[in-house]
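Starting from 1, each residue takes its place in the sequence as its number. All values reported here derive from a predicted model rather than from experimental measurement. For the numbers below, each heavy atom of this structure counts, side chains included, while hydrogens, waters and symmetry mates do not.
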Amino acid sequence: MSQQPVLLPYADPAFVADPFPLYRELREDGPVRRAVIAGGVEAWLVTRYEDGLAALSDPRLSSDVRDASDPRLMEQLPSTERESMLSNMLRSDPPDHTRLRRLVSKAFTARRVAELRPRVQELTDRLIDGIAPAGHADLVADFALPLPVTVISELLGVPVSDRHDFQRWTDDMILRRAEMPDPAVVDGAWQQMHAYLAKLMESKRARPGDDLLSALITARDEEQRLNEDELIAMSFLLLAAGYITTVNLIGSGVAALLANPDQLALLREDPELLPGAIEEFLRYDGPVNPGIARFAREDVVIGGVSVPRGATVVIASAIADRDPGRFPEPDRLDITRRDNTHLAFGHGIHYCLGAPLARLEGQIAIGTVLRRLPGLALAVPPGELRWRPGGLRGPQTLPVTFRPGGRR
């Protein structure tokens with residue numbers, strides 16, 4: 001294994017558009033590869049599937065950034081509200097993680113998500129109604145973004161009219177950090193988000209509703225299971241994580257189909273393949289890039305490589321999910337692929353709580369697009385699509401054309 005860390009060139013548009021050739025080189029170079037990732041942080045990338053699967057369940061690898069030795073990781077968080085930002089289940093370990101996750105898990109059961117299907121379909125059809133007559137659209141701005149934002153807003157009890165505000169704050173804190181690493185911008189966005197959520201909590205204490213945020217407030221105020229920092233952090237996590245990755249799943253999935261017309265034709269011919277197609281989109285070009293960060297509590301050996309205490313370890317799902325040792329012909333999109341247990345949603349106790357909802361939204365969104373927008377095609381050459389740099393992957397815009405009409 002090469003001893004010098006490789007720089008992941010997020011400033012290079014060619015890499016951002018297609019990082020997989022470099023990822024393949026890293027995987028072939030060794031099971032664990034040192035790299036400089038977004039923010040200039042040095043990380044140890046776990047590049048192969050079996051090692052990544054084991055690492056995601058390894059208790060020696062912490063989710064708490066305070067276990068990291070690189071101070072820049074803390075510096076990337078809002079300086080005035082770091083404790084609040086760290087008080088959520090994504091950044092915590094047991095027993096706090098167990099307690100926090102239990103509070104929200106009932107909202108994301110398979111049964112509860114299945115009950116949302118008619119509403120998600122209604123919202124999807126309403127958005128398609130708005131774009132179908134035109135014959136052209138940006139499927140990110142006009143469809144893939146507003147759909148999951150509306151779904152998670154309704155589930156949490158956040159006014160949909162406020163979505164533009166919290167989208168902007170989330171962009172500044174998360175999505176634009178790789179392009180615009182300005183701590184002042186991150187601080188300002190978090191302060192505005194914190195003030196908004198605090199005011200929203202006050203409103204729901206006075207007039208609780210049948211929504212998840214009201215339930216979390218009740219848990220804090222009556223059962224003393226959430227403190228104020230945890231309540232704010234949990235609300236932000238559910239709001240932001242509840243839509244960002246789903247936007248990317250829908251956008252990347254449609255883009256992958258349009259770049260692979262044989263698979264598009266196959267799915268149009270047999271819509272029953274859609275559930276498996278969603279899994280293949282997640283494996284082939286998942287919404288997290290390059291993967292999921294952990295921090296070594298102690299010296300640990302991964303794939304035969306010694307990783308020191310305090311190191312940032314990235315279980316690189318974007319690399320491991322194309323491991324030929326696990327997936328035959330991994331660089332080929334195959335919506336009929338079997339045994340497709342990818343790492344895009346993680347594994348173990350931190351397995352994505354919202355996975356059932358993301359799958360439901362992805363199936364309904366992409367299935368409806370294919371059914372109601374005949375002749376769907378990219379409006380620009382595939383090489384001209386702009387992709388998000390940094391830790392989350394998906395097209396920034398997805399300009400398409402289609403035959404106007406789009407009857408239900």
Side-chain angles (χ1 to χ4, degrees), residues 63-64 77-78 80-116 119-120 123 148-170 173-174 187-246 349-358 361:
S63 296
D64 191 335
L77 299 176
T80 56
E81 299 289 351
R82 282 177 184 157
E83 288 304 312
S84 292
M85 286 289 284
L86 292 170
S87 299
N88 68 60
M89 60 187 176
L90 193 64
R91 298 181 182 271
S92 63
D93 298 309
D96 285 339
H97 171 268
T98 307
R99 173 176 58 89
L100 294 170
R101 187 175 175 109
R102 188 182 299 124
L103 285 169
V104 294
S105 60
K106 291 182 180 179
F108 295 97
T109 62
R111 179 178 178 180
R112 175 70 179 111
V113 168
E115 292 172 351
L116 296 174
R119 179 57 176 161
V120 174
L123 293 170
V149 166
T150 303
V151 171
I152 198 62
S153 296
E154 291 186 354
L155 184 62
L156 296 178
V158 175
V160 176
S161 59
D162 294 341
R163 72 178 176 91
H164 294 294
D165 288 331
F166 68 70
Q167 280 176 224
R168 185 178 71 254
W169 300 327
T170 301
M173 283 185 282
I174 299 175
D187 276 6
W190 173 248
Q191 288 171 16
Q192 293 180 82
M193 177 70 88
H194 190 285
Y196 170 78
L197 290 173
K199 184 176 180 180
L200 183 63
M201 296 303 108
E202 283 186 27
S203 173
K204 290 190 175 295
R205 283 192 183 95
R207 293 178 298 279
D210 183 20
D211 57 69
L212 183 52
L213 291 188
S214 294
L216 291 175
I217 291 168
T218 300
R220 175 189 180 273
D221 289 345
E222 295 181 5
E223 300 174 32
Q224 294 297 306
R225 293 168 67 188
L226 278 178
N227 62 41
E228 192 68 23
D229 280 343
E230 290 172 337
L231 182 58
I232 295 294
M234 181 75 81
S235 301
F236 169 68
L237 173 64
L238 294 171
L239 192 59
Y243 81 88
I244 291 175
T245 53
T246 306
I349 63 171
H350 284 279
Y351 184 80
C352 178
L353 189 66
L357 181 58
E361 291 181 72

Roughly how far, to the nearest 0.5 Å, is the CD1 atom of Ile244 from the CD atom of Gln167?
9.5 Å
Determine whether Val151 and Tyr243 make a side-chain contact, defined as any pair of heavy atoms from C-beta on separated by less than 4.5 Å.
no
Rounded at 0.5 Å granularity, tell me how far CZ in Arg205 sits from OG1 in Thr218.
9.5 Å
Rounded to the nearest 0.5 angstrom, the CZ-CG distance for Arg101 and Asp96 is 14.5 Å
Side chains of Ser63 and His350: donor-acceptor distance under 3.5 Å anywhere?
yes
Holding to side chain to side chain donor-acceptor pair (under 3.5 Å), I want the full list of residues that pass it with Arg207, two or more places apart in sequence or in another chain.
Ser203
On a heavy-atom basis, the closest approach of Ser235 and Leu213 is OG-CD2, 3.5 Å
Does a side-chain heavy-atom distance below 4.5 Å link Leu156 with Leu212?
yes
Residues in side chain to side chain donor-acceptor pair (under 3.5 Å) contact with Ser153, at least two apart in sequence or another chain:
none
Straight-line distance of Leu90 CG to Asp64 CG, nearest 0.5 Å:
11.0 Å
State the CE-CG distance between Met89 and Leu103, to the nearest 0.5 angstrom.
9.5 Å
Do the side chains of Asn88 and Leu100 get nearer than 4.5 Å, heavy atoms only?
no
Close side-chain approach of Thr246 to Ile152, heavy-atom, < 4.5 Å:
no
Go through the steps for Glu115 and Arg112 under the test salt bridge (charged side-chain N to carboxylate O under 4.0 Å, His left out), then give the verdict.
CA-CA 5 Å; Glu115 292 172 351; Arg112 175 70 179 111; 3.7 Å; yes
Side-chain touch Pro208/Ile217, heavy atoms, less than 4.5 angstrom
no
Among side-chain atoms of Asp162 and Tyr196, is any donor-acceptor pair under 3.5 angstrom?
yes
Any donor-acceptor N/O pair, Lys204 side chain to Gly157 backbone, under 3.5 Å
yes
Is the shortest side-chain heavy-atom distance between Leu197 and Phe166 below 4.5 Å?
no
Hey, does Met201 have a side-chain heavy atom less than 4.5 Å from the side chain of Ile232?
yes
Return the CG to CG distance between Leu238 and Leu353, rounded to the nearest 0.5 Å.
7.5 Å
